[in-house]
**Q** 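Pasting a structure here, questions to come.
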Number of protein chains: 2
Amino acid sequence: MSDQHQHTLHALKVSCSNCSLRELCLPIGLNRDEMTQLDAVIRQSRRLKRGEYLFRSGEAFKSLFAVRTGFFKTSVASQDGREQVTGFLMSGELMGLDGISSNVHGCDAIALEDSEVCELPFNRMESLGRDIPSLQHHFFRLMSREIVRDQNVMLLLGNMKAEERLAAFLLNLSQRLSTRGFAANDFILRMSREEIGSFLGLKLETVSRTLSKFQQQGWLSVDHKHIQLIKADALKDLISGCTHANGV
Amino acid sequence: MSDQHQHTLHALKVSCSNCSLRELCLPIGLNRDEMTQLDAVIRQSRRLKRGEYLFRSGEAFKSLFAVRTGFFKTSVASQDGREQVTGFLMSGELMGLDGISSNVHGCDAIALEDSEVCELPFNRMESLGRDIPSLQHHFFRLMSREIVRDQNVMLLLGNMKAEERLAAFLLNLSQRLSTRGFAANDFILRMSREEIGSFLGLKLETVSRTLSKFQQQGWLSVDHKHIQLIKADALKDLISGCTHANGV
DNA sequence: AAAGAAGCTTGACCCTTGTCAAAGCGGAAT
DNA sequence: ATTCCGCTTTGACAAGGGTCAAGCTTCTTT
């Protein structure tokens, strides 16, 4: 069990160490020259330790950040300290898009494990976009995709019951991990029950209870942060119906 | 009372008839030549009657649409027919940004009253953006603003109680109306209780009850769709604390 | 190695909100 | 003007999820 845990961790590190930004985050047809220009703009990657802030809400916005390796959460805080986790990000995903509108970061970004990011200075990306139309277009698509993702979260928070939310969450994680070459049915949660709850609009006790319920039904096994999906189809059945009408 | 209703309706129509797209939706410094280019791209405005669809989820995406006059809702539907209203839009606001990522519209856009929109063919706006950097930048900002808005909705849906949600909703409407030159404390709701509920993640009965409660407390008066804010500060007190820490 | 802190699970209870139902009202259509 | 239908309000009741509390495990720190 603990071996399994180690194994998965290890696999993640190894596989991510050779994932390039260009492949995952900017998968667009660029010629050799354009590649060179892009490389010149993307700053050396930065490493963060678990728990470290990449940026904080209120800080000046200068750059977007792409996850190279590791795992992040983004969250917004209310004045009285309530936290809403707005996303969990893995390799190839982009953080900081909300800062463009006001030149100030609108959320916190925190590494949930030792991680590495690429910095994309926004001004320079913007002007590069004018020279490379496909890059500009790709950026619009990335921002649009974030809007679509947010809409799906709204659907989840506004319409779904606790079991449905958790099922949707686990299947989403599973799908994204498998896209990156990891096992779809055997993974380690990088976040706490409380963080899952914050993301899903539930209390940590409800997350815990619902996971236990899934386990009792034989749909998955839970060993602390180690999740094994046993009957992913049962989870899919649970949320068929309450997901977006156009399988987006 | 009914007079008041008519009056507000009238005011909205009149004031909107002389709001230009450039002023509200694209308030950027363009020179005369750039203005001309932009005008050439923005298609003649289109009129819609109450209840008419501007576009539907799944249709091919070609253009963004800016509200010139009137009022819209956007919503996503799940397979089993649950509806999540993702936004209510008034003059100067933009619809369709979620379609960029997949070239397919991801939500429905429906006029809640007789309305008028400008069509912005996205391809042409994109290439115009390459010629006019400030236009390109403005577009990035618009998309980012939408992401920020969505994050605030997540905060609302994930953390706030029914009373807080409704207070936040009313104050947001009030603020946006007053930005457009309308009375901040006396307005007509263009949407049904059910649509408000869908947006706020509540059932229509809860919306109705909560409005009644606010009225009993003397914070506002409700006459069907006619709302008068009497103690807006009381509503603000209710949500102080649960709004974004950086008054975004 | 020990101790403390943090995170997780589980139970009991309660509150907010959803569900179901009935009745009132207003607007649209004839 | 009348009728009908949709929207809204309100009540009674149910239930899902929140709250509080206790105990346990694991990880961190010294």
Side-chain angles (χ1 to χ4, degrees), chain A residues 1-2 4-6 9 49-51 73 82-85 110 112-114 156-167 169 188-216 220-227 238 242, chain B residues 1-6 9 49-51 73 82-85 112-114 156-167 169 188-216 220-227 238 242:
Chain A
M1 217 134 9
S2 179
Q4 194 74 33
H5 184 121
Q6 289 305 324
L9 259 170
K49 284 177 301 189
R50 188 156 100 89
K73 71 169 177 180
R82 307 185 214 182
E83 181 193 39
Q84 172 73 32
V85 172
I110 301 163
L112 293 183
E113 60 175 350
D114 295 354
L156 181 144
L157 291 174
N159 278 307
M160 291 165 64
K161 293 195 187 305
E163 291 189 10
E164 296 170 335
R165 295 183 196 195
L166 203 59
F169 170 74
I188 305 294
L189 297 174
R190 295 271 131 58
M191 71 297 283
S192 69
R193 301 288 190 267
E194 187 168 20
E195 289 164 331
I196 297 173
S198 170
F199 181 61
L200 298 178
L202 302 170
K203 293 297 164 187
L204 69 93
E205 293 94 332
T206 305
V207 173
S208 180
R209 269 188 259 270
T210 307
L211 281 175
S212 298
K213 193 182 296 178
F214 286 167
Q215 177 163 278
Q216 278 166 28
L220 47 73
S221 91
V222 187
D223 178 34
H224 304 284
K225 297 201 184 290
H226 179 202
I227 302 287
L238 198 56
C242 60
Chain B
M1 215 135 11
S2 181
D3 284 320
Q4 194 73 33
H5 185 122
Q6 289 304 324
L9 259 171
K49 284 177 299 187
R50 188 157 102 89
K73 71 169 177 182
R82 306 184 216 183
E83 180 193 40
Q84 172 73 31
V85 172
L112 293 183
E113 59 175 350
D114 295 355
L156 181 145
L157 292 173
N159 278 307
M160 291 164 64
K161 293 197 190 302
E163 290 189 12
E164 297 169 335
R165 294 183 197 194
L166 203 58
F169 170 73
I188 305 295
L189 297 174
R190 294 273 132 58
M191 71 297 281
S192 69
R193 302 286 189 267
E194 187 167 20
E195 287 164 332
I196 296 173
S198 169
F199 181 60
L200 298 178
L202 301 171
K203 293 298 165 185
L204 70 93
E205 293 93 333
T206 304
V207 173
S208 179
R209 269 188 259 270
T210 307
L211 281 176
S212 298
K213 193 182 297 178
F214 286 167
Q215 177 162 287
Q216 277 164 31
L220 47 73
S221 91
V222 187
D223 177 34
H224 304 283
K225 297 198 184 291
H226 180 201
I227 302 287
L238 198 57
C242 61

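Just so we're on the same page: letters track the sequence lines, and every chain starts at 1.
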**Q** Answer yes or no: is there a side-chain heavy-atom contact under 4.5 Å between B:Leu157 and B:Arg165?
**A** yes
**Q** Which residues pass the side-chain contact (heavy atoms from CB on, under 4.5 Å) test with B:Glu163, not counting sequence neighbours?
**A**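 With sequence neighbours excluded, B:Glu163 shows a side-chain contact (heavy atoms from CB on, under 4.5 Å) to B:Thr210, B:Lys213, B:Phe214, B:Leu238, given in chain and number order.
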**Q** Specify the angle, to 10°, made by the local axes at the two ends of the helix from C:dA1-D:dT30 to C:dT30-D:dA1 when five pairs are taken at each end.
**A**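 Answer for the end axes of this duplex: 60°.
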**Q** Can you tell me the distance, in whole Å, between the CD atom of B:Glu164 and the P atom of C:dT16?
**A**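 Atom-to-atom, B:Glu164 to C:dT16, this comes out as 12 Å.
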**Q** Among residues 193-208 of chain A, which residues get a heavy atom nearer than 4.0 Å to DNA chain D?
**A**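 Output list: A:Gly201, A:Leu202, A:Lys203, A:Glu205, A:Thr206.
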**Q** Check whether the side chain of A:Arg209 and the base of D:dG16 form a donor-acceptor pair under 3.5 Å.
**A** no
**Q** Can you sort out the partners of B:Ser212 under side chain to side chain donor-acceptor pair (under 3.5 Å), two or more places apart, ordered by chain and number?
**A** none
**Q** In chain order, what residues pass the side-chain contact (heavy atoms from CB on, under 4.5 Å) check against A:Arg82, with sequence neighbours excluded?
**A**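 With neighbours one apart ignored, the set is A:Ser78, A:Asp80, B:Asn159, B:Met160, B:Glu164, B:Cys242.
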**Q** A:Val222 has a side chain; which of D:dC7, C:dT9, D:dT9 sits nearest to it?
**A**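 Minimum distance to the A:Val222 side chain belongs to C:dT9.
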**Q** Less than 3.5 Å between a donor and an acceptor, one on the side chain of A:Arg165 and one on the base of D:dG17, is that the case here?
**A**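 Check fails, no donor-acceptor contact within cut-off.
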**Q** Find the distance B:Leu166:CG to C:dT17:C1' and express it as a whole number of Å.
**A**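 These atoms are roughly 14 Å apart.
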**Q** If I take atom NZ in residue B:Lys213 and atom C1' in nucleotide C:dT17, what distance separates them, rounded to the nearest angstrom?
**A**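 Rounded to whole Å, this separation is 10 Å.
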**Q** Do B:Ser221 and B:His226 have side-chain heavy atoms sitting under 4.5 Å apart?
**A** no
**Q** Should A:Ser192 be listed as having a side-chain N or O under 4.0 Å from OP1 or OP2 of C:dA6?
**A**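 So the side chain of A:Ser192 is outside the cut-off, no N or O lying under 4.0 Å from OP1 or OP2 of C:dA6.
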**Q** In whole angstrom, give the distance that lies between atom CG of B:Asp223 and atom P of C:dC25.
**A** 13 Å
**Q** Could you tell me how far apart A:Leu112 (CG) and D:dC27 (C1') are, to the nearest whole angstrom?
**A** 17 Å
**Q** Take the protein atom NE2 of A:His224 and the nucleotide atom P of C:dA6, then report the distance between them rounded to whole Å.
**A**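 Atom NE2 in A:His224 sits about 19 Å away from atom P in C:dA6.
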**Q** If you look at every heavy atom in A:Ile110 and A:Gly51, which pair is closest and at what distance?
**A**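 Smallest interatomic distance, heavy atoms only, reads CG2-O, 3.8 Å.
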**Q** Can you check the B:Gln215 CD to D:dT10 C1' distance for me, whole Å?
**A** 14 Å
**Q** Starting at CG of A:Leu189 and ending at C1' of C:dG7, how long is that distance when rounded to a whole Å?
**A** 13 Å
**Q** Specify the closest pair of heavy atoms between A:Val85 and A:Glu195, including all atoms of both residues, with the distance to one decimal.
**A** CG2-O, 3.9 Å
**Q** For A:Arg193, which residues count as a side-chain contact (heavy atoms from CB on, under 4.5 Å) partner, sequence neighbours excluded?
**A**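 Counting only residues at least two positions away or on another chain, A:Arg193 forms a side-chain contact (heavy atoms from CB on, under 4.5 Å) with A:Leu189, A:Leu204, A:Val207, A:Leu211, A:Val222.
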**Q** Restricting to non-hydrogen atoms, name the atom on B:Met191 and the atom on B:Ile196 that form the minimum distance, rounded to 0.1 Å.
**A** CG-CG1, 3.4 Å
**Q** Would you say a side-chain N or O of A:Lys161 is under 4.0 Å from OP1 or OP2 of C:dG18?
**A** no
